[in-house]
Each structure stands twice: as C-alpha cells, then as structure tokens.
There are 2 protein chains.
Amino acid sequence: MHKSKGTRRSGVPVPSDYNRSLGGAAIGARLRRLSERIDRDANRVYQAAGVTFEQRWLGVLEQLVICGPLAVNDLAKALGISHPSVSQTRDSLKKAGLIAEKADPADARRRVLQITRKGASFARKLQPVWSALDQVGRQLNAEAGDVVTALDRLEDALDRRSIFQRVTILRTPS
Amino acid sequence: MHKSKGTRRSGVPVPSDYNRSLGGAAIGARLRRLSERIDRDANRVYQAAGVTFEQRWLGVLEQLVICGPLAVNDLAKALGISHPSVSQTRDSLKKAGLIAEKADPADARRRVLQITRKGASFARKLQPVWSALDQVGRQLNAEAGDVVTALDRLEDALDRRSIFQRVTILRTPS
DNA sequence: GAGAGATAGGTAGGCACCTACGGAGTTGTC
DNA sequence: GACAACTCCGTAGGTGCCTACCTATCTCTC
C-alpha cells in the first residue's frame with residue numbers, strides 16, 4: 001500500500017492519494033475494492049474447507065435456514081437488496097441444489113424459495129466456518145475502531161441528505 | 001433501512017441483521033452496496049452537470065492531467081488497482097476521446113496514455129463539480145465520525161493478518 | 001363486474017473491479 | 001551470444017450488485 005507522496009521538488013501539484021481520497025466520491029471506488037478484497041479473502045476460507053461457496057449465498061441461505069420458505073421479495077426486503085439480485089442468487093443456489101422453488105398457492109406471482117435437504121446439510125457443515133468468520137469479523141471491527149458504526153453513520157448521513165442533494169445545495173447560487 | 005427485529009414470541013432464532021452483520025464476512029457485501037450507492041449518487045451529479053462520466057475515469061484522468069503521460073502499469077501502481085482495470089478504463093476513455101495512447105520508444109511493451117485536448121477541456125469543465133464533491137466528501141466523513149480513518153484501520157488490520165490467516169489460526173487445534 | 005393502480009418478479013444490460021493466462025519484450029547472468 | 005528470469009500488458013471470464021423495462025397477477029374503487 002503506497003503512501004502519500006508529498007510535494008515534488010519542482011513544485012508540480014501532486015495528485016491526491018486516490019486510495020484515501022474523498023474527492024470526486026473516490027471513496028466509492030475504495031469501498032468496492034475493499035469489499036472485493038474481503039470477499040476474496042473469505043472465499044479462501046471456504047476453499048480451504050473444501051466447499052464451493054459464493055458470498056452472495058450467505059444472506060439468502062441464512063434467511064431460509066432460520067425462517068423457512070420465503071418469497072423473492074421477502075428475501076430482498078429482509079436483506080436490503082433488489083429482487084433481481086435475489087433472483088440471480090436463487091438461480092445460482094438452485095443450480096447447486098441447495099434450494100428449491102415453488103409457486104405460492106395464495107398468489108400466483110410469488111416465487112417461494114426453500115432450503116433443500118442438501119442445502120440444510122451444507123449449512124450445517126458450514127456452521128463452524130461461519131462461527132470462525134463471525135469471530136474474525138468482531139476482531140477486525142475492534143481493531144478498526146468500530147468500522148461498522150462508522151459505516152452506519154455514513155449511511156445515516158446519506159439517508160438524511162444524498163450526495164446529489166448536497167452538491168446541488170453547494171452549487172446553487174445563494 | 002430496516003431495523004433489528006429482536007426475538008420473536010415463539011423463541012425462533014432471528015437471523016442477524018444482514019446489513020450490519022460481521023458474520024460470514026457479510027461486511028464485504030455491505031461495502032459493495034454502499035460503494036454502488038455512492039457511485040450512483042455521484043453520477044447523478046455528473047448527469048445534472050450535463051456530462052457523461054464513469055466513476056472509474058476519476059483516478060486515471062486526475063493522474064494524467066496532473067502528471068502528464070503515464071504507462072498502464074504506472075497508473076495501476078499509482079491508483080492501487082490492477083493493470084487490466086486500467087486497460088479497461090483506458091478503452092472507455094479512448095472511446096470518449098478523452099485520452100490517447102502511444103507506444104513508449106524506450107520499451108516496446110509499455111503503453112503510454114495521455115490526455116487529449118478534449119480530455120483536458122473536459123477536466124477543466126469538471127473542476128467545479130470535483131471541488132463540490134470534495135467538499136461533500138469531507139462533510140460526510142465528518143458526519144460519519146471519520147469513516148476514512150476507520151477504513152484505514154481495517155485495511156491495516158487486514159494487511160497485518162488476513163481473514164484467511166485469522167480463521168486458520170482459530171480453527172487449528174491447539 | 002370493470003378498470004385503475006399497485007405489487008411480484010423475470011429479463012436484459014450495465015458497472016467496476018478482480019484473477020488467470022499467455023505472448024512479447026527487456027534485463028541479468030553465464 | 002544464449003538463455004533464464006523478470007516485466008508489461010492484452011484477453012477472457014468471473015463476481016455481485018444495480019436500474020430499466022416488461023408481463024402477469026392481485027387489490028381497491030366505483
């Protein structure tokens with residue numbers, strides 16, 4: 001990880017440290033890279049455990065294991081993601097034989113997903129891995145001085161007033 | 001944004017609040033979603049300014065504008081991203097006519113990218129937008145209680161010991 | 001009962017990154 | 001000079017999310 005370069009002798013302006021920059025909403029890119037780093041790192045754990053696992057399976061599997069059958073939209077709401085994301089994850093899980101899908105007799109539009117025997121067994125097998133990942137997550141959060149709360153606060157700030165709104169206010173002549 | 005559900009009357013275990021969870025490295029997914037939220041939000045700013053802009057252009061444009069011509073690898077190092085990412089961004093920027101590419105006479109492998117007149121004009125036009133986004137970024141960081149530093153610390157923690165290493169240690173019988 | 005409005009979810013395309021792989025070129029060693 | 005080791009970067013495929021759009025179904029109002 002490179003460090004800030006300081007000012008050059010010639011006096012030429014030095015570009016911001018892109019990795020730590022807030023400029024131009026560069027934090028978005030940083031978060032993405034960090035996200036992918038964590039996903040990759042976690043996936044090494046699954047590989048070492050001898051299983052094929054997609055990170056996006058986590059939320060859906062957990063919900064189905066604990067709550068039983070749920071419709072696409074219910075899952076999307078519970079997880080805070082879009083329904084097409086759930087649909088895509090469902091396709092992947094179905095392909096792996098971990099969940100099954102059926103119509104809801106009470107509403108022909110609904111697609112209800114439920115864990116299969118294979119899926120339940122898979123989840124049981126992964127419990128120790130998830131337990132370890134839980135613990136590591138808490139370690140890291142502690143070492144980072146509670147990054148989860150900082151993210152909470154950032155999201156709250158964006159909920160209160162979006163980047164777009166803030167820029168609009170700044171750029172509106174008063 | 002939904003809140004934690006608490007325990008149900010029946011005593012059925014309640015799934016973790018996925019959005020705030022550290023379990024199973026779920027923070028990775030959260031970071032990705034937040035990243036995309038920020039990108040989308042910022043893109044509304046560009047749209048309102050009447051320009052087409054891809055978030056991934058930011059780092060590359062800034063480096064080329066300030067430092068002058070740079071090779072793919074130099075850009076990758078400076079931005080902390082992979083060279084194929086730079087290649088892809090370059091293709092997109094070239095298509096928009098904002099940069100040009102040439103070989104390096106000193107090393108036939110190198111591809112040197114440089115800003116075009118159109119690109120320089122484009123960057124000048126965007127200066128006020130970037131300035132506003134800078135300011136908004138600082139606002140948000142302040143409201144979030146310095147999320148940038150929390151991210152620094154998380155990355156440092158991962159540099160010190162990866163998730164994989166931490167899980168391996170936890171799961172190794174002592 | 002008819003029709004407007006709302007809801008559920010599939011499909012398509014896009015975003016911004018990644019790793020793996022491979023070919024071409026350069027540098028270092030003998 | 002020959003060759004091994006290293007470097008540069010293009011290509012391919014993948015990841016996990018998103019929005020836009022559309023069809024089908026349900027609910028509400030008259």
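Below, each value reflects all heavy atoms present in this structure, side chains not excepted, and no hydrogens, waters or symmetry copies. From a predicted model like this one, the values you see are computed outputs, not experimental measurements.
A donor-acceptor contact under 3.5 angstrom links the side chains of Ser85(B) and Ser82(B), judged on distance only.
At the phosphate of dG25(C), neither OP1 nor OP2 sits under 4.0 Å from any side-chain N or O atom of Arg109(B). Under 4.0 angstrom from either OP1 or OP2 of dC18(D) there lies at least one side-chain N or O belonging to Ser82(A). Contact check, Ser87(A) against dG9(C): no side-chain N or O comes under 4.0 Å of OP1 or OP2. For dA16(C), the OP1/OP2 oxygens have no side-chain nitrogen or oxygen of Ser85(B) closer than 4.0 Å.
Set against dC17(C), dC9(D), dG16(D), the side chain of Arg110(B) has dC9(D) as its closest nucleotide. In the set dG16(D), dG10(C), dC18(C), the nucleotide with an atom closest to the side chain of Asp39(A) is dG16(D). Counting only heavy atoms from C-beta on, Lys77(A) has its side chain closest to dA8(C) among dG16(D), dA8(C), dA20(C).
Following rounding to the nearest Å, Leu113(A) (CG) and dG10(C) (C1') show an atom-to-atom distance of 13 Å. Taking atom CG of Leu61(B) as the reference point, atom P of dA16(C) lies 12 Å away to the nearest angstrom. Protein atom CD of Gln47(B) is 13 Å distant from nucleotide atom P of dT19(D), rounded to whole Å. Regarding Arg33(B), its CZ atom lies at a distance of 13 Å from the P atom of dG16(D), rounded to whole Å. Computed from coordinates, the Asp41(A) CG to dT15(D) P distance equals 18 Å when rounded to whole Å. Note: CG (Asp74(A)) to C1' (dT7(C)) measures 12 Å, nearest angstrom. Taking atom CD of Gln55(B) as the reference point, atom C1' of dG14(C) lies 15 Å away to the nearest angstrom. In this structure, Arg44(A) atom CZ and dA20(C) atom P are separated by 11 Å, rounded to whole Å.
Checking Pro105(B) against Phe53(B), the closest nucleotide of DNA chain C that is more toward the 5' end is the one next to Phe53(B). Each of Glu36(B) and Arg40(A) lies near DNA chain C, and the nucleotide nearest Glu36(B) is the one positioned closer to the 5' end. When each of Thr89(A) and Asp107(A) is assigned the nucleotide of DNA chain D with its nearest heavy atom, Thr89(A) is the one assigned upstream, toward the 5' end.
Put simply, the side chain of Glu155(B) reaches to within 4.5 Å of the side chain of Arg37(A), judged on heavy atoms. No side-chain heavy atom of Glu54(B) sits under 4.5 Å from any side-chain heavy atom of Leu93(B). Contact annotation: the side chain of Ile169(A) approaches that of Arg161(A) to within less than 4.5 Å [non-hydrogen atoms, C-beta and beyond].
For DNA chain D, the residues of residues 90-104 of chain B within the heavy-atom distance limit of 4.0 Å (strictly under) are Arg90(B), Glu101(B), sorted by number.
In this pair, His83(B) does not lay its aromatic ring on the base of dC8(D); centres under 5.5 Å and planes under 30 degrees do not both hold.
Test Trp57(B), Phe53(B), Phe122(B) against Tyr46(B) for ring-ring contact (aromatic ring centres under 6.0 Å, His included) and you get one pass: Phe53(B).
Between the side chain of Gln88(B) and the base of dC17(C), at least one donor-acceptor pair of N or O atoms lies under 3.5 Å.
Nucleic acid contact for Arg32(A): base, since at least one base atom lies under 4.0 Å from a heavy atom of the residue. Contact annotation for Ala71(B): backbone-only contact, meaning every heavy-atom pair under 4.0 Å involves sugar-phosphate atoms and none involves a base.
Shown here for Gly97(B) and Thr116(B), the closest heavy-atom pair between the two residues is O-OG1, 2.7 Å.
Connection of Ile81(A) to Val112(A) is not established within any shared hydrophobic cluster, with ILVMFWY side chains joined at heavy-atom distances below 4.5 Å, either directly or through further cluster members. Placement of Leu58(A) and Val51(A) within a single hydrophobic cluster is found when ILVMFWY residues are connected by side-chain heavy-atom separations under 4.5 Å, directly or transitively.
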